[in-house]
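Structure record follows, encoded as structure tokens.
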Amino acid sequence: LAGAINRMTGRLAGFVTGQKRFLGDIAHELCAPIARIQFGLGILEQRVPEQQAESVAEVQDEVRQMSDLVGELLSFSKAGMEAARRPLTAVDVGEAIRMAVERESAGQAVVRVQCEANLQAQADSPMLVRAISNVVRNAIRYAGEFGGITVAGRREAGSVVVLVQDCGPGLAAEDLDRVFAPFYRPEASRERSSGGVGLGLAIVKSCVEACQGTVQCSNRAEGGLEVEIRLKPAMARVSSVTP
């Protein structure tokens, strides 16, 4: 029975890896034709009569949405494919948080950083930065207008915990576990104007699991959403963090 379960687990892992490789290959092949379309539209925009400029702008918006989707697909497949090949090291969590906040905030919202000194976790530096960046971007996009966002790092019960807290409307109870599934978006955020294709938090989950950690979200008692990334502590010498 144990042997059968191991074989089944191996086959399932192979199917998942194959699916992600397939998605990555398709996304990669789409990059070139999309770039050519965007280049052609840029030339067309300069030559069409003024009365047709709005139609060209609408097509450009559609192609931009397609390009964003392809980019997210590449990131999602890359996060899953690289997980098994990248060694984990001791990472300065405070530096990873600061890099993510600097990358995503850019004056769009008030983002506070509260991190314990000398906080180290066992992780892969680029994947941890990417995971925190995506969560912060999500908080800014959907809750930035409701108040400040806090990104905290601390030791807790033998783990290293990174918390991203906002003051937004939170999520319905049935959405709390499902938001990390690929292409899933809560009904309230399905409008195009809000951006996103439903892969941001799926990428977060892949990156955190590649660091042998866990991620979950919950509604805060005082209002807003809290995303918790929990990692193993590291006692080794801190490695450099790269974007």
Heavy-atom side-chain proximity of Thr150 to Val164 below 4.5 angstrom: no

Modelled atom types, side-chain donor and acceptor of Asn138 and Arg141, under 3.5 Å: no

Student check: side-chain heavy atoms of Val59 and Leu41 closer than 4.5 Å: yes

Pro169 versus Phe146, closest heavy-atom pair with distance: CD-CE1, 3.6 Å

Pair Val160-Leu119, side-chain contact (heavy atoms from CB on, under 4.5 Å): steps then yes or no: CA-CA 8 Å; Val160 172; Leu119 187 62; 3.9 Å; yes

Nearest-0.5 Å distance that lies between atom SG in Cys217 and atom CG in Leu163: 12.5 Å

Closest non-hydrogen atom pair, Gly170 against Asn219: CA-OD1, 3.3 Å

Shortest non-hydrogen contact from Ala100 toward Ile132: CB-CG2, 3.5 Å

Connected hydrophobic set around Leu1, excluding itself, where side chains approach under 4.5 Å: Ile5

Joint hydrophobic cluster, Ile140 plus Val113, side-chain heavy atoms closer than 4.5 Å: yes

For the student: nearest non-hydrogen atoms of Pro233 and Gly158, plus distance: CD-O, 3.2 Å

Atom CD of Glu54: over 12 foreign heavy atoms under 6.0 Å: no

Given Gln216, Arg220, Gln165, the one that forms side chain to side chain donor-acceptor pair (under 3.5 Å) with Glu226: Gln165

Closest non-hydrogen atom pair, Met127 against Ala210: SD-CB, 3.3 Å

Counterpart residues, salt bridge (charged side-chain N to carboxylate O under 4.0 Å, His left out), relative to Glu58 (two or more places apart): none

Heavy-atom side-chain proximity of Val179 to Asp177 below 4.5 angstrom: no

Pairwise side-chain contact, Val151 with Gln114, heavy-atom cut-off 4.5 Å (strictly under): no

Gap between atom CZ of Arg178 and atom CG of Leu176 - 0.5 Å precision: 11.0 Å

Polar side-chain atom of Asp166 near backbone of Leu225 as donor-acceptor pair, under 3.5 Å: yes

Leu128 vs Leu231 side-chain heavy atoms within contact, under 4.5 Å: yes

Over 12 foreign heavy atoms within 6.0 Å of CG, Asn6: yes

Side chains of Gln212 and Leu88 in contact at under 4.5 Å (non-hydrogen atoms): yes

Spatial distance of atom CZ (Arg64) from atom CD1 (Ile34) [nearest 0.5 Å]: 12.5 Å

Gap between atom SG of Cys211 and atom CD of Gln122 - 0.5 Å precision: 9.0 Å

Heavy-atom side-chain proximity of Pro126 to Asp124 below 4.5 angstrom: yes

Heavy-atom pair with the smallest gap, counting every atom of Glu228 and Val161: CG-CG1, 3.7 Å

Point-to-point distance, once rounded to the nearest 0.5 Å, from CZ of Arg130 to OG of Ser206: 9.5 Å

Glu156: salt bridge (charged side-chain N to carboxylate O under 4.0 Å, His left out) partners, not counting sequence neighbours: Arg154, Arg230

Glu209 with Lys205: basic N within carboxylate O range, under 4.0 Å: yes

Nearest-0.5 Å distance, CD1 of residue Ile149 to CD of residue Glu104: 10.5 Å

Expected output: side-chain Ser159 to main-chain Arg155 donor-acceptor under 3.5 Å: no

Within-4.5 Å side-chain heavy-atom neighbours: Val129 and Arg103: yes

